[in-house]
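The figures here come from the full heavy-atom set of this structure, side chains too, leaving out hydrogens, waters and symmetry mates.
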Amino acid sequence: MQRTRGRAPTGGRADALSQELIVEAAVALLDELGERGLTFRLLAKQLKTGPGALYWHVSNKDELVALAADQVLGHAFAADPGSGEDAGSGLRALAVAVFDALDRHPWAASHVSAPPTLANALRLLDRIGTLVAGTALPAERHFEVATAISYYITGVSAQIIAPRTVHDATVSRDAFLARTARRWEALDAADYPFLTRATEHLRDHADRDQFTTGLDLLLDGLNTAAGPRPPV
């Protein structure tokens with residue numbers, strides 16, 4: 001939504017700017033430099049305008065990053081095959097499309113809001129709810145189930161993907177997992193029996209497989225709870 005407060009920008013390319021153009025350029029810079037590297041001064045230079053012109057369309061960096069993350073979600077919808085499949089297949093395809101989009105833009109994972117407020121986050125929840133409503137699940141359970149699935153998709157994606165952005169960029173994923181595994185190995189097996197046995201799997205696991213394993217358990221539960229649809 002464009003800003004309507006304050007004074008209109010003058011000079012430069014202000015008239016050619018739009019929120020969509022600014023957010024698109026921000027996504028490219030966030031992909032290249034991460035959230036810490038994004039500044040309005042650098043973004044303005046990229047867009048060949050002044051920093052003041054950007055504030056006519058976006059209030060601050062927090063809003064800009066949130067809008068950029070929401071645009072990433074929009075990319076997921078573009079990859080989603082859409083309607084025509086059964087609810088379980090549709091939900092799985094949508095969830096994996098969202099995970100893959102966030103995986104390509106790791107900085108965005110922790111900025112997808114729940115409950116959703118921005119355009120594509122709202123569309124995601126509505127799409128999930130529409131698919132859930134297409135099952136035999138009683139209508140009074142649609143909201144709880146749809147939001148639970150939505151929170152799994154966005155929350156677990158953030159838990160898996162976002163840690164890459166908070167550690168030193170010089171530390172690779174493999175090195176980080178190996179270091180964490182060594183810490184688990186050093187734990188007392190009597191106090192942490194599972195973690196000390198799981199170190200090998202921690203080192204070698206694939207993030208996408210981890211995500212889809214939990215997703216399939218969730219969708220299996222939905223299928224069991226909903227049961228078969230009655231014949232038409």
Side-chain angles (χ1 to χ4, degrees), residues 25-43 46 60-73 75-76 79 91-116 120-121 124 148-221:
V27 169
L29 285 175
L30 285 161
D31 285 346
E32 180 184 357
L33 302 173
E35 191 171 344
R36 292 182 181 179
L38 175 67
T39 66
F40 270 48
R41 186 174 298 278
L42 182 59
L43 181 59
Q46 191 82 2
N60 51 50
K61 181 176 174 178
D62 288 342
E63 183 189 18
L64 178 59
V65 174
L67 290 168
D70 199 58
Q71 187 181 97
V72 168
L73 271 188
H75 297 161
L91 287 166
R92 192 182 196 282
L94 180 61
V96 171
V98 169
F99 180 87
D100 287 345
L102 295 176
D103 195 44
R104 290 190 296 272
H105 308 273
W107 55 266
S110 61
H111 292 283
V112 177
S113 62
N120 289 311
L124 173 63
I149 294 172
S150 172
Y151 292 169
Y152 177 86
I153 295 171
T154 57
V156 174
S157 293
Q159 289 290 321
I160 292 174
I161 296 168
R164 302 179 206 166
T165 67
V166 299
H167 296 284
D168 189 333
T170 62
V171 179
S172 69
R173 173 185 179 275
D174 288 346
F176 170 72
L177 291 178
R179 185 172 62 191
T180 304
R182 288 194 296 271
R183 290 176 180 171
W184 286 13
E185 286 173 333
L187 295 171
D188 187 335
D191 292 332
Y192 301 93
F194 172 75
L195 294 183
T196 51
R197 293 197 307 269
T199 54
E200 179 181 351
H201 301 291
L202 172 64
R203 285 189 178 93
D204 299 334
H205 82 278
D207 291 341
R208 197 173 192 261
D209 291 345
Q210 183 182 18
F211 176 79
T212 56
T213 296
L215 175 66
D216 289 339
L217 286 171
L218 186 61
L219 296 179
D220 286 347

Quick one: closest heavy-atom pair of [X] and [Y], and the distance?
| X | Y | answer |
| --- | --- | --- |
| L38 | V65 | CD2-CG2, 4.1 Å |
| D70 | A121 | OD1-N, 2.9 Å |
| L30 | A68 | CD1-CB, 3.8 Å |
| W184 | T199 | CB-CG2, 3.5 Å |
| W107 | D31 | NE1-OD1, 2.7 Å |
| H205 | Q210 | NE2-OE1, 3.3 Å |

Got [X] and [Y] here, is their nearest side-chain heavy-atom distance under 4.5 Å?
| X | Y | answer |
| --- | --- | --- |
| L202 | L195 | no |
| V98 | V112 | no |
| I161 | F211 | no |

Residue that, paired with R208, satisfies side-chain hydrogen bond (donor to acceptor under 3.5 Å, both in side chains) out of D100, D103, T213
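So, applying the side-chain hydrogen bond (donor to acceptor under 3.5 Å, both in side chains) to R208 and each of D100, D103, T213, only D100 qualifies.
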Enclosure of Y192 OH (heavy-atom neighbours >12, cutoff 6.0 Å)
no
A108 backbone acceptor or donor facing H111 side chain under 3.5 Å
no
Check against side-chain contact (heavy atoms from CB on, under 4.5 Å), L43 and L29:
CA-CA 8 Å; L43 181 59; L29 285 175; 3.8 Å; yes
Evaluate the ring planes of H75 and H105, with Trp represented by its six-membered ring, and classify them as parallel (under 30°), tilted (30 to 60°) or perpendicular (over 60°).
tilted
